[in-house]
2 protein chains.
Amino acid sequence: MTLNVAAVTVDLVLLTIRQGTLQVLLVRRGIEPYLSRWALPGGFVHDDEDLDAAAIRELREETGVDSSAGHLEQLATYGAPGRDPRGRVITVAYLALLPDLPAPVAGSDAAHAEWRPVDEPELAFDHDRILADGVERARAKLEYTPLATAFCAREFTVADLRGVYETVWRTKLDPRNFHRKVTTAEGFVEPTGHSVTRDRGRPAQLFRRGPATLLHPPLLRP
Amino acid sequence: MTLNVAAVTVDLVLLTIRQGTLQVLLVRRGIEPYLSRWALPGGFVHDDEDLDAAAIRELREETGVDSSAGHLEQLATYGAPGRDPRGRVITVAYLALLPDLPAPVAGSDAAHAEWRPVDEPELAFDHDRILADGVERARAKLEYTPLATAFCAREFTVADLRGVYETVWRTKLDPRNFHRKVTTAEGFVEPTGHSVTRDRGRPAQLFRRGPATLLHPPLLRP
DNA sequence: ACATTAAGCGTCATGTTGACGATAATAGCC
DNA sequence: GGCTATTATCGTCAACATGACGCTTAATGT
């Protein structure tokens, strides 16, 4: 038999959409191992702290964002024996979907943090794998939950929402069919009554997210 | 700052269908805390062991079943500070969907193990919550994956498969529409050429699981 | 032989999807 | 102002999927 104890960390896969691409918040490592490599932000779980609480705390430390803004959920746990050369480390990864933050990353730890495209390879530790799992989870969840709205501001247009799907899925969707599906799916979005002109073209209605937690029927990937 | 270390365990939510009900493998605790209460089987992760490997080992120890028989996946991780009065314990829960085992539970640890209906309440620790999460995951996964076949023997009839859905979802499904959906869904099941007479009635064709990992279109809950 | 049971095929009205035409409402340009 | 480019939104239609349910087939039990 053996020790059975390990260090426990929470790492975050923070996803957002900037400049039309899916991006993830990464930090540059300042210490060995993997010195100066990009890595997912994260830290140790405190002694009296629940895992969710640790994730919420890290999210605030890294982005200054309150967890109510976007969406935060547990992703998976990684604990292969050799994944950190310093010793046994169990990492509980969390996935967050966030709107493009209007306030720049102001927090203290965030000094070294930067948004990078998700296809950035060569992360420290097994973070490539964790990131890939997070992106795949996000892609799958857009199908049968209204979570795409977590990437949007509080009020958004149907085109904004379509942009989220197109970016995350890397596809083009028919604007007319997408509009029909989104507005007829029970509880997905509800109109605010306002409208805006985005760039060119006819002004669009503004929506906010509806009460549904599951999409009926789902929006399946093409 | 604090210690940041914790004991790490792997607990299993082993689900199967017996006597027409969804059942979970539980063990009676022989020590404090929660003495003589039902609990999920599990144990410590060894020092040089990956989490998945620990889950596979526990599965074999508890049931004698090779992990290739059914389906095993990571469920979620639980680490609230007070969840084990003896100290900080992080539990990585795994979910397994297993066929009704022809070989009785023969393993050593399995002496105290017993299949119980999943609505059995009052488990030790936070195991009620873990079990509920596992059952909900199973229910959801039947919709868009072919995992219902994991509850069946290697060869099964459409009626067997329908029984799985009806038991897990607690609904009745129309046999004719179900038959059509299952046999037309690409890669869900493939005929073996054999057939059997189960009890009364016309003999049914035998199928094995097909190559699909995702159901297109999905089988949505009524 | 006949009733009973369950498998598997067929039908039909309704709902959903994908492809794409048509119209509406704005900005920019002349 | 009038024209054009651009985007939002509505509408149409054929193909496909779904739910309700009738019918035939091939077993078992009496």
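In what follows, every chain begins at residue 1, and chains take the letters A, B, ... in the order their sequences are listed. Since the model is a prediction, treat every value here as computed from it, not as a measurement.
Each of A:Ala204 and B:Pro203 has a nearest nucleotide on DNA chain D; the 5'-most of these lies closest to A:Ala204. Mapping A:Leu220 and A:Arg200 onto DNA chain C by nearest heavy atom places A:Leu220 at the nucleotide closer to the 5' end. Nearest-nucleotide positions on DNA chain D for A:Arg202 and B:Gly201 put A:Arg202 closer to the 5' end. Mapping B:Ala159 and B:Asn177 onto DNA chain C by nearest heavy atom places B:Ala159 at the nucleotide closer to the 5' end.
Following rounding to the nearest Å, A:Phe207 (CZ) and D:dA8 (P) show an atom-to-atom distance of 11 Å. In this structure, A:Leu173 atom CG and D:dT9 atom P are separated by 16 Å, rounded to whole Å. Residue A:His179 contributes atom NE2, which lies 18 Å from atom C1' of C:dA19 at whole-angstrom precision. Between the C1' atom of D:dA27 and the CG atom of B:Leu206 lies a distance of 15 Å, rounded to the nearest Å. As rounded to whole Å, 16 Å separates atom C1' of C:dT17 from atom CG of A:Leu215. The separation between B:Phe178 atom CZ and D:dG19 atom C1' is 15 Å, rounded to whole Å. Whole-Å rounding puts the A:Asp174 CG to D:dC13 C1' distance at 14 Å. Between A:Phe156 atom CZ and D:dA8 atom C1' there is a gap of 16 Å when expressed in whole angstrom units.
In the model, B:Arg208 has no side-chain atom that pairs as donor or acceptor with a side-chain atom of B:Thr149 under 3.5 Å.
Comparing D:dC13, D:dA20, D:dT9 by their nearest atom to the side chain of B:Arg180 picks out D:dA20. When the nucleotides D:dA27, D:dT9, C:dT26 are ranked by their closest atom to the side chain of A:Thr197, C:dT26 comes out on top. Nearest nucleotide to the side chain of A:Pro217, out of C:dA7, C:dT17, D:dT18: C:dT17.
Residue A:Gln205 has no polar side-chain atom (N or O) positioned under 4.0 Å from OP1 or OP2 of D:dA8. When the side-chain nitrogen and oxygen atoms of B:Lys181 are compared with OP1 and OP2 of D:dT18, one or more of them lie within a distance under 4.0 Å. OP1 or OP2 of D:dT28 has not a single side-chain nitrogen or oxygen of B:Arg198 nearer than 4.0 Å.
Judged by distance alone, the side chain of A:His127 and the main-chain N or O of A:Leu40 form a donor-acceptor pair under 3.5 Å. A:Arg221 places no side-chain N or O within donor-acceptor distance of the main-chain N or O of A:Glu143, the cut-off being under 3.5 Å. Without hydrogens or angle criteria, A:Gln205 side chain to A:Thr157 main chain gives no donor-acceptor distance under 3.5 Å.
Residue side chain B:Arg176 does not reach the base of C:dG10 through any donor-acceptor N/O pair under 3.5 Å, judged by distance alone.
Counting all heavy atoms, side chain and backbone alike, A:Ala138 lies closest to A:Leu15 at CB-CD1, 4.0 Å.
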